[in-house]
Amino acid sequence: MAKELTSRSENYSQWYNDLVIKADMAENSAVRGCMVIKPYGYAIWEKMQSVLDRMFKDTGHVNAYFPLFIPKSFFSKEASHVEGFAKECAVVTHYRLMTDPEGKGVVVDPEARLEEELIVRPTSETIIWNTYKNWIQSYRDLPIKCNQWANVVRWEMRTRLFLRTAEFLWQEGHTAHESAREAIEETETMLKVYADFAENYMAMPVVQGVKTANERFAGALETYTIEALMQDGKALQSGTSHFLGQNFAKAFDVTFTNNEGKLDYVWATSWGVSTRLMGALIMAHSDDNGLVLPPKLAPIPVVIVPIYKTKEELDKISVIAKDLVAKFKSMGIEAKYDDNDKKKPGWKFAEYELKGVPVRLAIGPRDLENNNAEVARRDTLTKETVSLDGIDQYVVNLLNDIQKNIFSKALKFREESTTRVDSFDEFKKVLDEKGGFILAHWDGTSETEEQIKAETKATIRCIPLNNEQEDGKCIFSGKPSKQRVLFARAY
RNA sequence: CGGGGUGUAGCGCAGUUGGUAGCGCGCUACGUUCGGGACGUAGAGGUCGCCCGUUCGAAUCGGGUCACCCCGACCA
């Protein structure tokens with residue numbers, strides 16, 4: 001009997017301890033704050049990766065790979081960037097070990113000290129711009145639109161499974177442009193790509209917007225973000241796209257000759273999403289029975305479970321099941337036929353629910369007689385009996401329905417969890433009693449934002465794009481305001 | 001780095017006033033089962049995180065140390 005699962009009521013660790021680890025997604029590693037992603041969890045990441053990679057290519061990007069190690073001196077070139085990252089870097093100081101002359105084991109060879117320390121990349125702006133310097137001379141060399149799939153390390157004081165691990169997998173796009181306008185366009189395009197991915201693949205509604213100065217990426221002029229709401233009422237920054245201006249070009253002296261023959265600094269963007277998206281996916285949709293995966297990202301969209309007593313029954317079912325698997329395959333759906341003899345049907349049902357498999361077909365003796373299958377859907381946990389004739393098309397339609405249903409469920413939840421408030425008392429009350437997003441007026445100053453954060457732990461998640469303009473008064477200072485911004489307590 | 005908590009079988013946990021370790025799940029074998037995580041019988045599995053101390057005797061008491069988790073500061 002599975003341990004009773006708790007979900008949206010508790011804190012995030014409950015989600016992971018009860019749902020994720022049991023669902024074979026990840027477990028703690030031997031290394032501080034790092035994460036082991038087991039095969040099933042990694043299969044989800046691979047799905048995400050392949051969709052995103054396609055989207056990047058469709059928007060004119062190419063993949064490249066840059067070094068893991070960054071010379072320390074690179075970091076001192078962009079002042080605000082180093083301030084943002086210096087406190088959380090892993091530093092390589094030596095390149096050799098030796099047997100301990102004093103005893104057992106190995107020690108760092110003091111003779112093998114590096115002349116210049118190497119930083120394990122926390123993000124790759126510096127090493128990439130150091131490289132771009134050599135790639136760019138003329139406006140004819142622009143734009144450069146590279147993406148890198150890589151791991152990065154940030155030595156956070158406190159880590160959280162999936163949401164903030166010391167090492168994480170991500171993609172980082174780095175582009176170079178001849179004009180500010182073109183770079184801003186790129187920044188916005190990539191934000192749209194992320195929003196599209198979140199909503200149409202992850203089935204997770206997001207608010208697109210720009211960050212306030214306080215929350216901006218270290219070294220950026222503008223940070224765009226997609227913000228999602230988790231079922232426990234906390235917000236999660238799920239992807240960011242930065243307009244870097246000419247900051248990195250100036251820091252790394254990357255200039256080009258424009259078509260008027262004049263020298264100018266290159267304009268830059270960077271954008272990234274990480275394995276944090278897996279955390280978002282889990283916390284946005286899971287229920288007390290385990291994961292709920294959107295069909296478009298489920299490693300196993302359809303599973304077929306045979307129910308039988310005898311070898312003869314199994315053989316008959318297998319013929320039908322294998323035929324179905326082939327039919328699904330021809331329609332682009334990877335169905336799994338689980339004829340594992342060592343597990344019983346009830347066990348399999350529970351297991352695939354835990355793993356979030358969207359559609360489960362069960363075929364038993366009863367179905368053999370009537371030419372049926374039992375079709376169960378994960379999102380609603382409902383079952384019905386369907387004729388085997390045309391079941392392939394039925395399942396295709398069902399998968400589409402599930403994809404849509406998961407999204408609308410999450411959207412409905414977000415709408416119900418978004419509150420407009422006009423006073424600070426109300427603001428605090430909603431935060432404590434209801435959680436979720438809060439739309440409120442803000443006077444636009446960092447001081448107010450910081451004080452609200454200090455008193456309530458809520459931050460401005462973003463200023464939504466195409467935000468409705470409306471006269472009002474800042475809930476904290478009472479000063480005039482032109483628009484409401486999006487507040488929430490966040491991960 | 002501050003505050004709190006936990007380290008005992010693969011996992012989750014119990015362990016009384018100190019007396020030499022147990023439960024559930026899982027695992028192995030056999031049988032009956034198989035349409036919602038089956039049941040019976042018989043088994044296997046632990047230097048009680050590590051070190052030092054107190055004691056005739058320590059999972060239990062004292063000191064230290066390490067690791068992990070939670071709450072803060074920091075952050076994708």
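All values below were derived from every heavy atom in this structure, side-chain atoms included, with hydrogens, water molecules and symmetry-related copies excluded. Chain letters run A, B, ... following the sequence lines, proteins first, then strands; residues in each count from 1.
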Fill in: All side-chain contact (heavy atoms from CB on, under 4.5 Å) counterparts of A:Leu221, not counting sequence neighbours
A:Phe243, A:Asn247
Item to complete: List in chain and number order the residues that pass side-chain contact (heavy atoms from CB on, under 4.5 Å) with A:Phe413, two or more places apart in sequence or in another chain; answer none if no residue qualifies.
Response: A:Leu229, A:Ser417
Considering only [options], which nucleotide approaches the side chain of [X] most closely?
X	options	result
A:Arg160	B:C74, B:G35, B:G72	B:G72
A:Lys309	B:C74, B:C34, B:G35	B:C34
A:Arg360	B:C34, B:G72, B:G36	B:G36

Worksheet item: Between the base of B:G35 and the side chain of A:Lys383, is there any donor-acceptor pair under 3.5 Å?
Response: no
Discussion item. For a quick test of reading the model: is some side-chain N or O of A:Lys348 closer than 4.0 Å to OP1 or OP2 of B:C34?
Written reply: no
Worksheet item: Are A:Glu227 and A:Lys211 ion-paired here, with the side-chain N under 4.0 Å from a carboxylate O?
Response: yes
Listed pairs, N/O of protein and of nucleotides 38-44 of chain B, under 3.5 Å:
from	atom 1	to	atom 2	distance (Å)
B:A38	O4'	A:Lys344	NZ	3.2
B:A38	N9	A:Lys344	NZ	2.8
B:A38	N7	A:Lys344	NZ	2.9

Worksheet item: In terms of side-chain heavy atoms, does A:His242 have a donor or acceptor partner in A:Thr223 at a distance below 3.5 Å?
Response: yes
Worksheet item: What does A:Lys342 touch in the nucleic acid at a heavy-atom separation under 4.0 angstrom: a base, only the sugar-phosphate, or nothing?
Response: nothing
Worksheet item: Counting any heavy atom closer than 4.0 Å, what does A:Thr240 reach on the DNA or RNA strands: base, sugar-phosphate only, or nothing?
Response: nothing
Worksheet item: How does RNA chain B read in dot-bracket, base by base from 5' to 3', with Watson-Crick or G-U pairs under 3.5 Å and | used when the partner is on another strand?
Response: (((((((..((((.....[..)))).((((((.....)))))).....(((((..]....))))))))))))....
Discussion item. According to ring-ring contact (aromatic ring centres under 6.0 Å, His included), who are the partners of A:Tyr337, at least two apart in sequence or on a separate chain?
Written reply: none
Worksheet, complete the sentence: side-chain hydrogen bond (donor to acceptor under 3.5 Å, both in side chains) pairs touching residues 366-375 of chain A, sequence neighbours excluded, are A:Asn371-A:Asp389
Worksheet, complete the sentence: 5'-most contact on RNA chain B (nearest-nucleotide basis), A:Arg461 vs A:Thr310, goes to A:Thr310
